[in-house]
Amino acid sequence: MSSLQPVRGTHDLLPDENRRHRRVIDTVREVSGRYGFDEVTTPIFEKTEVFARTLGDTSDIVTKEMYTFEDKSGDSITLRPENTAGVARAFISGGLAQSLPLKFIYQGPMFRYERPQKGRQRQFHQVGAEILGVESALADVEIIALGAHFLDALGVLDQATLELNSLGDSDSRAAYREVLVDYFSSHKDKLSEDSRERLGRNPMRILDSKDQGDRVIIADAPQIADSFNDTSKAFFDAVLAGLETAGVAYTLNSKLVRGLDYYCHTAFEFTTDALGAQGALVAGGRYDGLIKQMGGPQTPGTGWAAGVERLAMMIEKPEDAARPIAMIGLGDEAEVKALTLTQQLRHAGFRVELGYSGNMKKRMKRANNVNAAAAVIIGDDELAKNVATVRDMETGDQLEVPLASLEDHLARYR
RNA sequence: GUGGCUGUAGCUCAGUUGGUUAGAGCGCCUGGUUGUGGUCCAGGAGGCCGGGGGUUCAAAUCCCCUCAGCCACCCCA
């Protein structure tokens, strides 16, 4: 047991795990490309205000989960807890309002100071997609369709449910908030302590409380749809109609809310019960007010983010790397020849593992451990005859092959 | 920040009511094979029993503290 441990909530991605992550990221790149998305990368840290101003002063992310520090110039810097604010900042900094609409994906590490548990770490990875500058509900339809397509390509869509809700526009949302506060206030004495706290800070959050007592009260709470004005209702109807046309199955969930302040209208989550308490695989919604709130031009946006670790846990084990050819040189002169041949074969497109040290037995064992399809053995005998001994690692058959035709012979193991 | 469970070899785990030198499987190393892996046989290395303190003639085992891991709450991807 080593005393040198990684920082709590961080993990090394060793090759097997790395392959899983890569599969998730490769998949989002490939699928989103078909929808016309391009990848952007923003810094993993930003000035603290980028997150503090946009995520809402009362959100837990801002109040207790940010990794914030002062750099040597005295600026307050924060490791990004999510990437939508970073993309919005890049949109403003780069003057991208000239080239709307924009469709971006991103991927990379995010940081939140939380207690680790299943599917949750302090440094974790997200992939995300954003459409900027489209007022039409069609953008929401496309962004959700992309999410479904992405999960399908990973082979996990059948284990996921698309839950959908609308928060309405800011007027509807404010009106709903009022009736909701009235309702819950009249039952305040029966609410859980957590929910009483939420009543003042973020009353809509009470709706997804897990407390049994709360659930009884929530069951009779006013529905958000009853507070919708015509605009909000029309927008939501358009999203639903679009999803049906696009062939994306959904379940309405009027209790689905968003923790972050900048969301409006469409809110959705692809959830699963395969990962314990952490059900959200892909989550997002519309954020028409965000960019303006950050000081940019009024620009609508819609998007989602997905947890790479969570998806990596759900996908089938990716295939092992292709089997290499093991190159074994025995003796000083032969080792030089082996290196020459190795580079020649690599440039010809073969995967070649060069044995570094040890006797024949050791090198053969190494060849076996790297799952080599064949071993190419060069010793003094071979050198003298200008041949190589090629051993098929599966059958154990081996034969001498003239160096001139080595590439042709090895083609079968490629 | 709160709660529950768990920390023994590189990995997965045994270890009795506290009692001699803490074990197994897998992996690793050496040999059986002078230039042949994967199977087989023989042998070997590897442990401050998470860390600290306490109780006791005696602690992996009991008590306290602490750290870490897992799971759950809050919150969230």
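No hydrogens, no waters, no symmetry mates; every other heavy atom, side chains included, goes into these values. Chain identifiers are assigned alphabetically (A, B, ...) following the order of the sequence lines, protein sequences preceding nucleic acid strands; residue numbering begins at 1 within each chain.
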Of the listed nucleotides ([options]), which one gets closest to any side-chain atom of [X]?
| X | options | value |
| --- | --- | --- |
| A:Lys210 | B:rC75, B:rG35, B:rA77 | B:rC75 |
| A:Arg120 | B:rU2, B:rA77, B:rG35 | B:rA77 |
| A:Gln126 | B:rU30, B:rA77, B:rU36 | B:rA77 |
| A:His11 | B:rU36, B:rA77, B:rC70 | B:rC70 |
| A:Asn368 | B:rU36, B:rC73, B:rG37 | B:rG37 |
| A:Glu65 | B:rA77, B:rG37, B:rC75 | B:rC75 |

Do [X] and [Y] come within less than 4.5 Å of each other through their side chains, counting heavy atoms only?
| X | Y | value |
| --- | --- | --- |
| A:Leu102 | A:Ile131 | no |
| A:Leu339 | A:Leu354 | yes |
| A:Met66 | A:Leu79 | no |
| A:Arg112 | A:Arg120 | no |
| A:Phe111 | A:Ile44 | yes |

What is the separation between atom [atom1] on [X] and atom [atom2] on [N], rounded to the nearest whole Å?
| X | N | atom1 | atom2 | result |
| --- | --- | --- | --- | --- |
| A:Phe270 | B:rC76 | CZ | P | 20 Å |
| A:Asp16 | B:rC11 | CG | C1' | 14 Å |
| A:Ile325 | B:rG37 | CD1 | C1' | 16 Å |
| A:Phe150 | B:rA77 | CZ | C1' | 11 Å |
| A:Met327 | B:rG35 | CE | P | 20 Å |
| A:Gln107 | B:rA77 | CD | C1' | 14 Å |
| A:Lys118 | B:rU6 | NZ | P | 19 Å |
| A:Gln278 | B:rC74 | CD | P | 10 Å |

Paired with [N] by Watson-Crick or G-U wobble geometry, both distances under 3.5 Å: which nucleotide is it?
| N | answer |
| --- | --- |
| B:rG47 | none |
| B:rC57 | B:rG19 |
| B:rG25 | B:rC11 |
| B:rA42 | B:rU30 |
| B:rG1 | B:rC73 |
| B:rG37 | none |

Using the [atom1] atoms only, state how far [M] lies from [N], rounded to an integer number of Å.
| N | M | atom1 | value |
| --- | --- | --- | --- |
| B:rU21 | B:rU39 | C1' | 35 Å |
| B:rA68 | B:rG50 | C1' | 7 Å |
| B:rC67 | B:rC29 | P | 39 Å |
| B:rC5 | B:rA42 | C1' | 43 Å |
| B:rU2 | B:rA58 | P | 37 Å |
| B:rA14 | B:rG53 | P | 28 Å |
| B:rA45 | B:rC26 | C1' | 16 Å |
| B:rG4 | B:rU66 | P | 13 Å |

Relative to each other, are the rings of A:Tyr183 and A:His187 parallel, tilted or perpendicular (30° and 60° limits)?
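It falls in the tilted class, 30° to 60°.
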
May I ask you to decide if the ring planes of A:Phe150 and A:Trp304 are parallel, tilted or perpendicular, using 30° and 60° as cut-offs?
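Parallel: the ring planes of A:Phe150 and A:Trp304 meet at under 30°.
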
Report yes if a side-chain nitrogen or oxygen of [X] is closer than 4.0 Å to either non-bridging phosphate oxygen (OP1 or OP2) of [N]; otherwise report no.
| X | N | value |
| --- | --- | --- |
| A:Lys361 | B:rU36 | no |
| A:Arg112 | B:rC75 | no |
| A:Arg205 | B:rC74 | no |
| A:Gln117 | B:rA72 | yes |
| A:Arg115 | B:rC75 | no |
| A:Lys365 | B:rG38 | yes |

Base versus backbone protein contacts along nucleotides 39-45 of chain B [heavy-atom cut-off under 4.0 Å; B, S, -]:
-------

Name the nucleic acid region contacted by [X], choosing base, sugar-phosphate or nothing; use a 4.0 angstrom heavy-atom cut-off, strictly under.
| X | value |
| --- | --- |
| A:Gly147 | nothing |
| A:Gly396 | base |
| A:Arg363 | nothing |
| A:Ala277 | sugar-phosphate |
| A:Leu311 | nothing |
| A:Glu394 | base |
| A:Asp381 | base |
| A:Arg391 | base |
| A:Gln398 | base |
| A:Glu114 | base |
| A:Glu193 | nothing |
| A:Gly119 | base |

A:Tyr113 or A:Gly9: which one's nearest nucleotide on RNA chain B is closer to the 5' end?
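Taking each residue's closest nucleotide, the earlier one in sequence belongs to A:Tyr113.
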
Map A:Gln121 and A:Asn369 onto RNA chain B by nearest heavy atom, then report which one ends up closer to the 5' terminus.
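Nearest-nucleotide comparison on RNA chain B picks A:Asn369.
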
Indicate yes or no for a side-chain donor-acceptor contact from A:Arg20 to the backbone of A:Ala312 under 3.5 Å, with no hydrogens or angles considered.
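Such a contact is found between A:Arg20 side chain and A:Ala312 backbone.
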
Please answer whether the main-chain N or O of A:Glu114 pairs with a side-chain N or O of A:Arg122 as donor and acceptor at a distance below 3.5 Å.
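It does hold such a pair.
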
Does any donor atom in the side chain of A:Tyr287 or A:Glu130 lie under 3.5 Å from an acceptor atom in the other side chain?
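Looking only at side-chain atoms, A:Glu130 and A:Tyr287 do form a donor-acceptor pair, the distance falling under 3.5 Å.
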
What's the verdict on side-chain contact (heavy atoms from CB on, under 4.5 Å) for A:Asp26 and A:Glu30, showing C-alpha distance, side-chain angles and the deciding distance?
CA-CA 6 Å; A:Asp26 287 348; A:Glu30 201 281 314; over 6 Å; no

Output yes when A:Glu394 and A:Arg323 qualify as a salt bridge under the 4.0 Å nitrogen-oxygen rule, no when they do not.
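Counted as a salt bridge, because a side-chain N and a carboxylate O are separated by less than 4.0 Å.
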
